[in-house]
Asks: 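Have a look at this one before I ask anything.
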Amino acid sequence: GAVVSQHPSWVICKSGTSVKIECRSLDFQATTMFWYRQFPKQSLMLMATSNEGSKATYEQGVEKDKFLINHASLTLSTLTVTSAHPEDSSFYICSARGLAGAPAQYFGPGTRLLVL
Amino acid sequence: SQQGEEDPQALSIQEGENATMNCSYKTSINNLQWYRQNSGRGLVHLILIRSNEREKHSGRLRVTLDTSKKSSSLLITASRAADTASYFCATGDSGNTPLVFGKGTRLSVIA
């Protein structure tokens, strides 16, 4: 089946620093990638949708200047948390979809971010 | 935004019993999917049911979908301790929109 990887799997950083998370589709081309955030004991909340070669579409309440998303190729999307603060500590999960309209959405294993 | 609610929010059962979780949603859908998530881990896709289907089986899993009531249920039969996890429903429409997740049910299966 389709595999999506994320790197790193966990990261600890100091407040004020920026953190980049990579999401890769390993064996298929992902025309669309999605970024979700999950706080402890809560569900996944969609942050943004990115299509290869175009700007990401952010959900209401998600700061696009704080969460920079780049989808430069059909197999890689990156999420950069800029000037991270403790409240940004969360579990970030990406997912990828291949063919447009296909229902399958493949999820990465997630990245746990802890901002001290 | 989230699509709807899972019910119950938490469920604790004995090993061997059946577990039933319900999911309600608000908008029209093309498909509904169920996922499992072990604590602190990624999502595992369990089953997808399309809007024109009413019931689907996969091993010990049985999923029903009632589009008139905008609800779905996930039944896990003969539960095992390893089934302990959070279970989420997620709805998708036709097109390129992302899955929208419900709040989830935390299932504990006690050996």
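Just so we're on the same page: letters track the sequence lines, and every chain starts at 1.
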Asks: Could you pull out all residues at least two apart from A:Y58 that satisfy ring-ring contact (aromatic ring centres under 6.0 Å, His included)?
Replies: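 ring-ring contact (aromatic ring centres under 6.0 Å, His included) list for A:Y58, sorted by chain: empty.
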Asks: If we count only N and O atoms by modelled type, under 3.5 Å, do the side chains of A:E52 and A:T31 hold a donor and an acceptor together?
Replies: no
Asks: Check which hydrophobic residues are tied to A:I12 through side-chain heavy-atom contacts below 4.5 Å, counting indirect links as well, and list them.
Replies: A:W10, A:L114, A:L116
Asks: Pick from B:L74, B:I29, B:N31, B:L32: which one makes a side-chain contact (heavy atoms from CB on, under 4.5 Å) with B:I49?
Replies: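 The side-chain contact (heavy atoms from CB on, under 4.5 Å) with B:I49 is passed solely by B:L32 among B:L74, B:I29, B:N31, B:L32.
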Asks: Relative to chain B, which of A:Q38, A:Q6, A:R112 shows the most heavy atom pairs under 4.5 Å?
Replies: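 Answer, by heavy-atom pair count under 4.5 Å with chain B: A:Q38.
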Asks: Which pairs with one or both residues in residues 70-82 of chain B pass side chain to side chain donor-acceptor pair (under 3.5 Å), sequence neighbours excluded?
Replies: B:W34-B:S72, B:T64-B:S73
Asks: Could you walk me through whether B:Q33 and B:Y35 pass side chain to side chain donor-acceptor pair (under 3.5 Å), step by step?
Replies: CA-CA 7 Å; B:Q33 305 180 37; B:Y35 289 84; 2.9 Å; yes
Asks: For the residue pair A:Q105 / A:S95, report whether a side-chain donor-acceptor contact shorter than 3.5 Å exists.
Replies: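 Note: A:S95 and A:Q105 side chains meet the donor-acceptor criterion.
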Asks: Write out, in numerical order, the residues from residues 60-79 of chain A with a heavy atom short of 4.5 Å from a heavy atom in chain B.
Replies: none
Asks: Among B:R41, B:R106, B:H45, single out the residue with the greatest number of heavy-atom pairs under 4.5 Å to chain A.
Replies: B:R41
